[in-house]
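Everything below concerns the one structure shown next.
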Amino acid sequence: MTDANLDSQIDEAIAALSLDEKIQLLSGGAFFALAGNDTIGLDPVVLSDGPTGVRGEVVVGGRESCLLPNASLLAQTWNAEALGEVGELLAEEAIDQETHVVLGPTINLHRTPLGGRLFEAFSEDPLLTGLLAAAYVRGLQRRGIGASLKHFLGNESETERTTVNAVMSDQALREVYLAPFQIVLEDANPWTLMAAYNKVNGTPSTEHSALLEGVVKEEWGYDGVVVSDWFATGSCVESVTAGLDLVMPGPVTAWSESLADEVRSGAVAETVVDEHLRRILLLASRVGAFGEKRTWEKGLPAPASEARSTQLINLAARGMVVLKNDSQTLPLTAKGGNIAVIGRHGIDTIAQGGGSAQVRPPHIVSIADGLRAAFGGENVTVTDGVETRMVLPAAPTSRVSHPMTGVPGIRVRVFNDAGVVTHDGHLDVAELEDSRTGWLADAAQIELSARLQVAEPTDLQVGVRGPGRWHVEIAGREEAFEIPFHEGPGGGFFRPRSQAFTMRVNPGDLIVATTKRTELQRIVGIVVAEARRSPAVAISRAVASAAAADTAVVVVGNTPDQETEGQDKSTLALPGHQDALVAAVAGQARRTVVVVNAATPVLMPWANLVDAILFVGLPGQEAGHAVAAALLGDILPEGRLVTTFPQADGEGPAWTTTPVKGDLRYTEGAFVGHRGWYAQGHAPAYWFGHGLGYTTWEYTEPSVIERAGDGAATVVAVTVRNAGDFDGRETVQVYLQPIDEEQPIRLIGWSQVELGPGAEARVEVECDIRLQRHWDSDADAWTSIDAGRIYVGRNLGDVRGTLDLAPRGAFEQSEPSSAVRTI
Ligand code: BGC
């Protein structure tokens with residue numbers, strides 16, 4: 001359909017609707033769907049959370065779908081093609097679930113390493129984030145599935161997240177926080193943009209007309225839908241006139257309640273309603289829910305298929321970062337002797353972060369299983385480590401079964417006020433979500449029960465999770481718990497607390513947990529976990545197994561207690577006694593390789609004691625296979641860090657995420673991440689951009705080979721030689737330090753080259769002119785940066801060449817580039 005035809009079809013549709021019908025379409029029709037309308041042939045547009053998988057319409061217990069590596073691990077590839085592949089993969093997952101829009105990517109920046117939700121976002125750098133996210137969006141949308149760029153704006157941390165006021169200078173706003181949004185909008189035009197919970201400089205994001213209407217729609221010419229984050233919209237007139245187009249979730253919202261009256265009283269013009277609706281209909285037409293309807297492609301690879309497995313292993317392993325590799329300890333060889341895998345994360349590998357990004361994968365290959373498969377079970381011993389989780393998750397389905405049928409999962413009985421059973425059902429997971437409204441209608445009491453699956457009498461922790469006054473009975477033992485509601489938005493969904501006790505469980509023992517039903521219960525479940533052991537016992541067993549092996553692979557990391565939506569960290573130290581475990585093993589083992597299973601910086605006080613460190617992120621459902629492929633070098637772990645790693649808590653340009661009287665001041669301004677570290681002249685543990693791979697590189701003859709009329713460097717070239725004896729993929733990075741030292745150094749481009757041992761190539765790095773300008777707050781306009789020093793190298797701690805950029809000419813605002821950048 002031509003644009004003109006579509007425009008007139010949209011006009012006709014709008015004209016055919018009454019004011020009330022139009023307003024109904026500006027709020028969700030359900031939790032994860034827009035409203036439809038038969039009169040105008042509009043199907044409900046279905047949404048699902050992303051950004052690391054397509055979860056579907058419920059938070060827990062939904063259908064199985066692919067669990068991808070987390071966003072920062074994907075970003076560690078520094079490879080736009082890989083992110084394009086991710087977008088397409090997600091589009092196929094969405095198509096398979098008949099879902100029109102995936103709520104991702106998350107492009108808030110890693111401002112402070114404490115941010116709980118950094119695992120969902122790409123990087124501390126606006127250019128890297130913007131270019132990779134644009135590739136992701138193009139990948140999704142070329143298959144007709146809409147992206148939702150989130151969270152606009154200033155949602156860099158989670159503390160007080162619905163009320164916090166992110167206070168930043170105009171320079172930081174323009175050059176740092178708006179920059180990735182601008183890049184993605186210009187380069188990939190995402191069909192929706194999500195307004196955040198927080199305020200920016202005093203105004204709620206959903207009411208920020210200067211940003212939504214002024215910058216996004218007028219200045220950048222955005223034609224997509226601005227949707228509110230879930231439950232973020234508290235106002236009617238203020239938000240509807242500020243540029244917000246759609247309120248989620250629905251159907252009951254601040255707009256559905258009072259917008260009709262506001263229009264009738266003249267406080268809001270009906271043309272404002274029409275303009276929002278126009279955008280929603282354009283979105284619906286883009287995704288095939290209005291006008292020309294889409295047919296959903298069939299026969300796409302299943303989440304557990306070999307095709308998906310190969311893709312996911314490759315994506316995850318490519319982003320893994322070799323932080324340290326003394327004496328070429330890595331890659332390991334398949335015939336390199338016995339391996340002792342040590343640590344809770346080896347067995348309970350963390351494949352994803354916590355919160356709305358969670359999906360239900362078909363399986364998670366643990367690192368222990370991945371190494372067993374790669375090295376042969378007879379060559380690998382596996383030893384559990386110290387405790388790592390603070391909050392126990394719901395029981396794995398392998399541990400519980402329906403008491404009557406024996407089918408894996410739990411039995412749920414719901415009772416009304418009169419004590420009559422109103423529902424008796426089975427769940428194939430060990431937790432119940434309140435979106436099962438049919439089950440929970442008239443519920444006064446909930447009973448969860450299951451038989452415990454153990455082969456022999458075993459000491460286990462058993463209990464419950466989710467708020468409530470619980471009564472738990474198992475094999476004659478009775479316990480009463482009161483679990484309070486975990487405050488804060490999403491608290492009930494994302495971090496239900498748990499309580500458990502340890503007891504010896506016999507095969508087939510029945511657990512029955514009951515609670516009064518309260519409105520605050522979003523998720524309730526049964527908990528079954530390994531009995532806790534003292535750190536001393538765990539460490540001495542680990543040391544013994546390390547001493548008996550040729551190589552100890554110690555797997556440590558964070559858990560969704562640290563890396564989650566809804567909560568920030570307070571330290572970068574690994575949870576539990578993991579540091580002591582690594583140090584003790586390193587003291588005994590012949591060779592110690594540490595695998596860090598975390599998405600964001602952790603402190604590594606033992607770094608000098610070990611031979612090699614591989615940072616593997618949260619690698620998704622194929623975690624163990626990907627880690628094995630990287631350790632063996634079957635897939636090159638040539639990832640580069642996307643965030644600077646501090647040496648100690650408190651270091652770096654920005655640290656705290658705790659607002660003072662509601663304000664979180666971005667006092668570091670535009671000096672975010674490596675930009676601030678560089679200005680402070682303080683060396684971090686590992687620089688943004690760091691990553692050793694398995695070979696070494698030589699750089700010669702750097703030069704600026706092309707400049708734009710305004711003076712910006714547009715192409716920098718350098719000769720790169722693989723000087724080691726292993727294949728490698730080098731990521732050549734180019735930074736610009738403006739002559740005006742008030743301006744931060746910044747990444748302006750990068751390029752990748754894959755070379756065998758001894759080979760060399762001339763690498764050209766395309767540099768982005770959008771990073772070579774400065775926001776002049778007085779003039780409210782961009783000015784050029786046409787002079788400074790260019791650094792070419794592996795990262796700011798390993799610069800291989802410097803070039804002076806002499807001033808040249810005046811800068812004139814250039815047209816937004818629509819060119820697709822490939823590397
Ligand atoms: C999150 C969004 C998410 C939405 C829907 C919110 O709590 O901030 O990222 O898309 O919930 O689940």
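Both ligands and their constituent atoms are indexed starting at 1 by order of listing. We're numbering straight along the sequence, starting at 1.
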*asked:* Classify the ring geometry of Phe688 against Trp78: parallel below 30°, tilted from 30° to 60°, perpendicular beyond 60°.
replied: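 Ring orientation, 0 to 90° scale: tilted.
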
State the atoms of ligand 1, each with its element, that fall below the 4.0 Å cut-off from a heavy-atom position in [X].
X: Met194; value: 10 (O)
X: Lys150; value: 2 (C), 3 (C), 9 (O), 10 (O)
X: Ser356; value: 1 (C), 2 (C), 3 (C), 9 (O), 12 (O)
X: Tyr197; value: 6 (C), 7 (O), 8 (O)

_Below a 4.0 angstrom heavy-atom separation, can you tell me which part of Met248, side chain or backbone, both or neither, approaches ligand 1?_
neither

*In a check of salt bridge (charged side-chain N to carboxylate O under 4.0 Å, His left out) between Arg143 and each of Glu297, Glu85, Glu93, which one passes?*
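That would be Glu297.
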
_Residue from Glu156, Glu124, Glu668 passing salt bridge (charged side-chain N to carboxylate O under 4.0 Å, His left out) with Arg111_ =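 Single pass found, and it is Glu668.
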
*asked:* Would you say the ring centers of Phe32 and Trp230 fall short of 6.0 Å from each other?
replied: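 That pair passes the under 6.0 Å test.
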
*Measuring from the heavy atoms of Phe231, does anything fall under 4.0 Å of ligand 1?*
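False for this residue.
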
_Check ion pair Asp428-Arg360 (N to O, under 4.0 angstrom)_ =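 Yes, this pair counts.
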
_Checking a contact table here: which protein heavy atom is nearest atom 11 (O) of ligand 1, and how many Å away?_
Asp229 OD1, 3.6 Å

*Before signing off on this row, confirm whether Asp49 and ligand 1 have an N or O atom pair separated by under 3.5 Å.*
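Yes, there is a polar N/O contact under 3.5 Å.
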
*Just how far is it from atom CG of Asp43 to atom CZ of Arg294, taken to the nearest 0.5 Å?*
11.5 Å

*Counting heavy atoms only, which of Glu158, Glu565, Arg117, Glu120 comes nearest to atom 9 (O) of ligand 1?*
Arg117

*Arg389: partners by salt bridge (charged side-chain N to carboxylate O under 4.0 Å, His left out), with sequence neighbours left out*: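 Salt bridge (charged side-chain N to carboxylate O under 4.0 Å, His left out) check on Arg389 returns Asp348.
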
